[in-house]
Asker: 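Okay, here's the structure, questions in a sec.
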Amino acid sequence: MTDQTLLVLPAGIPWVLAAVFALLDGRRRWVGRIAAVGLGVSFVSMVALALRVLRDGPVEVVAGNWPAGVGIVLRADALGVAFAVVSIGVMLVSLLYEVSLGMRSRTFPAVVLFMAAGLTGLFLTGDIFNFYVFFEVSVTAAYVLTSYRERDYQVRAAFIFAIVNLFGSVVFLIAAASLYHVTGSLEMQTVAERLGETSPNSAITIAVAIFVAFSLKLGLFPFHFWLPAVYVGSHPPVAAILSGALANIGSYGLLRFGGILPDQLALGTYAVLILGSASIIYGALQSISRSDVSEVLAYSAIGQAGYILLALGLGGPVGFSAAVIYAVVNSLNKALLFLVAGLRGPLVGAAFAVGALSVAGVPPAVGFIAKIAVFKAALAAGAGGGTAGAVGTVVFVTVIFVGGALSFVYMFQIYQRVFLAREPQGGHVEKPSPRATRALVGVLAALVLVFGLWPEPLLVLGEEAAAVLTGSPGDVSGGGDSP
Amino acid sequence: MKNAPARTPEITSVLVRTIAKLLFLPILVTAVAMLIKGYAQPGDGFSAGVVGALGILLQYLAFGRRTAERLPLVGFAGKGVFAGLLIALLVAATPVFLGQPVFTHYPPAGASVIYVGTIELITALLFDTAVFLMVMGFVLGGVQMIAQTIADEDEYRGPEATGPEFDASAGTDVEPSSGGGRR
């Protein structure tokens with residue numbers, strides 16, 4: 001009973017609050033505060049659920065007391081809760097940020113809560129169609145969020161975002177329908193079991209469609225064209241939510257469906273690895289050539305997504321766990337940097353520097369842990385493969401290293417331009433941002449450092465999540481207890 | 001502004017208006033029937049909501065915005081969405097507090113059901129009613145928004161503008177040469 005309550009609470013609270021808050025005026029201070037408290041409670045229950053899952057294995061509920069195989073399955077496993085915790089956390093911080101600066105729109109809290117409801121549902125469902133529905137709920141909320149503040153370019157960005165994402169959704173819906181067509185089920189584990197018996201032709205087509213759909217969400221290299229326009233136009237907390245929470249749908253989807261379609265993933269390894277490497281290099285080079293902070297961060301997001309794809313392509317327990325760790329760390333980094341980019345005043349520069357170090361992968365920031373994980377994955381992949389494996393390892397290690405070095409360059413280029421160069425100009429001293437907002441960003445920066453110095457929770461999370469993907473679909477709970 | 005109310009009757013013919021009036025009640029009755037008989041026969045809250053909303057959309061098309069919005073409860077469409085959502089969440093979440101999985105419906109299979117006439121009182125019906133409210137409210141809200149936008153444009157254009165419609169509307173909402181505005 002407690003398990004069920006724990007599974008329902010994180011998604012249920014934002015749902016109910018979103019419905020209520022949609023009728024209230026979000027510009028009133030108390031409305032924003034209560035919304036933040038509600039999202040906070042949801043976050044805490046999510047963390048509790050995550051601890052429960054990490055300790056005792058996945059929690060599963062079949063809705064409506066239906067027999068298994070008939071009802072819709074809600075399942076919380078390590079992979080889902082890892083993404084859910086970080087996404088809700090990022091949204092909570094962004095909501096608090098906006099509350100502390102003063103809300104400008106009556107719908108903002110409600111839309112954020114709707115998105116939180118959609119995201120938790122998406123990460124905690126075991127059913128592919130439900131996954132699609134929740135995905136639409138959160139993405140629809142994101143369309144509204146993107147146009148927040150309603151300047152011309154923001155509405156334009158929202159329009160681009162909506163068109164591209166609707167296209168991605170349609171592609172995914174087609175893939176979901178085809179999966180149902182070939183397997184006769186929408187339940188993820190059943191689909192994974194039955195896919196082995198289907199014709200390889202249809203399975204690989206479906207896999208490609210799913211890959212395109214999620215790459216589009218994540219903004220990987222050949223599908224990235226929409227991303228800079230949207231991130232540059234968005235208000236800082238919105239950009240933080242989009243890249244720190246919503247983009248997780250892409251990485252989660254790639255990982256989850258990589259686990260459901262392992263043979264197809266193995267078949268497409270080279271494509272995935274090449275696209276990942278291209279994404280890293282392309283994102284880094286583009287970032288270096290830009291001068292606007294949010295534009296640099298937008299292109300950097302493309303590069304960072306490349307690491308996740310690279311780790312996914314390297315595969316195996318090490319690769320998957322690296323992908324999870326990198327995705328989680330990347331969310332934290334992006335949230336921190338986008339939020340900081342909108343602020344001025346003491347300690348803001350320091351917080352930005354922490355984020356920059358983390359993106360570049362320099363200790364003691366947590367980005368170092370993520371880079372190391374991907375490095376390890378590259379080394380592990382080459383270990384058993386003879387000459388080809390050795391060459392591959394050299395190539396990937398080089399790509400990771402070059403990508404990291406380039407990200408160091410572009411991050412400190414903006415640091416210099418924004419936080420160092422401002423003082424000598426002197427003419428206009430910008431008024432520092434409210435203390436509460438800066439404190440919030442400081443907490444996020446501290447978190448980045450703390451997880452860099454004490455990475456165990458992150459590593460455990462990554463390993464457990466990878467075990468969900470590599471373990472045989474039947475007994476997911478058994479693959480847990482490696483140190 | 002002045003010609004807006006006068007122009008509305010001219011758009012539709014007597015035939016359309018008469019049929020719209022005749023069909024209005026049957027459409028709503030069909031919608032309710034789809035809603036409450038959805039378990040034994042085809043239908044559910046979603047399709048009932050769509051059918052009901054189409055019935056009201058027909059009134060918009062035939063009689064114009066002002067007349068259609070005078071219909072009872074049409075003004076509450078937006079609120080209906082959220083009321084529906086809350087009812088649906090209530091139905092989904094209540095079993096959790098009773099120790100059952102989400103979306104468990106009462107009475108359980110095999111138990112006796114209370115009848116009101118031929119309607120079976122089950123929580124699934126309440127859930128479908130919520131879906132009905134949401135769908136209907138959403139579609140009507142969309143219709144109202146579009147109607148409002150068209151009315152605003154007409155007012156903006158004023159009685160003098162007699163040129164082709166495309167030119168006038170293109171001038172209002174597409175700004176020329178705005179491509180690199182933010183760079």
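Every chain is numbered from 1, with letters handed out A, B, ... down the list of sequences. All values derive from a computational prediction rather than experimental measurement.
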Asker: Report the distance from atom CG of B:L85 to atom CG of A:L23, rounding to the nearest 0.5 Å.
Answerer: 9.5 Å

Asker: So for atom CZ, which belongs to A:F129, do other residues, nucleotides or ligands contribute more than 12 heavy atoms lying within a distance under 6.0 Å?
Answerer: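 No, not enclosed.
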
Asker: Heavy-atom distance under 4.5 Å to chain B: side chain of A:L7, backbone, both or neither?
Answerer: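 No part of it gets close to chain B.
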
Asker: Report, as yes or no, whether the 6.0 Å neighbourhood of atom CZ on B:F138 holds more than 12 heavy atoms from other residues, nucleotides or ligands.
Answerer: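 Open: at most 12 neighbouring heavy atoms sit under 6.0 Å from CZ of B:F138.
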
Asker: Excluding sequence neighbours, so at least two apart, what forms side chain to side chain contact (heavy atoms under 4.5 Å, CB included) with B:Q144?
Answerer: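 So B:Q144 forms a side chain to side chain contact (heavy atoms under 4.5 Å, CB included) with B:Y60, B:E69, B:V74, B:A77.
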
Asker: Would you mind writing out the side-chain donor-acceptor pairs for residues 225-240 of chain A within the sub-3.5 Å range, not counting sequence neighbours?
Answerer:
{"from": "A:W226", "atom 1": "NE1", "to": "A:L216", "atom 2": "O", "distance (Å)": "2.9"}
{"from": "A:W226", "atom 1": "NE1", "to": "A:F223", "atom 2": "O", "distance (Å)": "3.3"}
{"from": "A:S234", "atom 1": "OG", "to": "A:V230", "atom 2": "O", "distance (Å)": "2.7"}
{"from": "A:H235", "atom 1": "NE2", "to": "A:E98", "atom 2": "OE1", "distance (Å)": "3.0"}
{"from": "A:H235", "atom 1": "NE2", "to": "A:R149", "atom 2": "NH2", "distance (Å)": "3.2"}

Asker: Tell me, for A:V61 versus chain B, whether the close heavy atoms (under 4.5 Å) come from the side chain, the backbone, both or neither.
Answerer: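 Side chain only.
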
Asker: Does B:Y106 OH have over 12 foreign heavy atoms under 6.0 Å away?
Answerer: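 Counting other residues, nucleotides and ligands, OH of B:Y106 exceeds 12 neighbours.
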
Asker: Mind listing the closest non-hydrogen atom pair of B:V96 and A:T5 along with its distance?
Answerer: CG1-CA, 4.0 Å

Asker: Heavy atoms only: give me the nearest B:F82-A:A22 pair and the separation to one decimal.
Answerer: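 So the two residues come closest at CE2-CB, 3.1 Å.
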
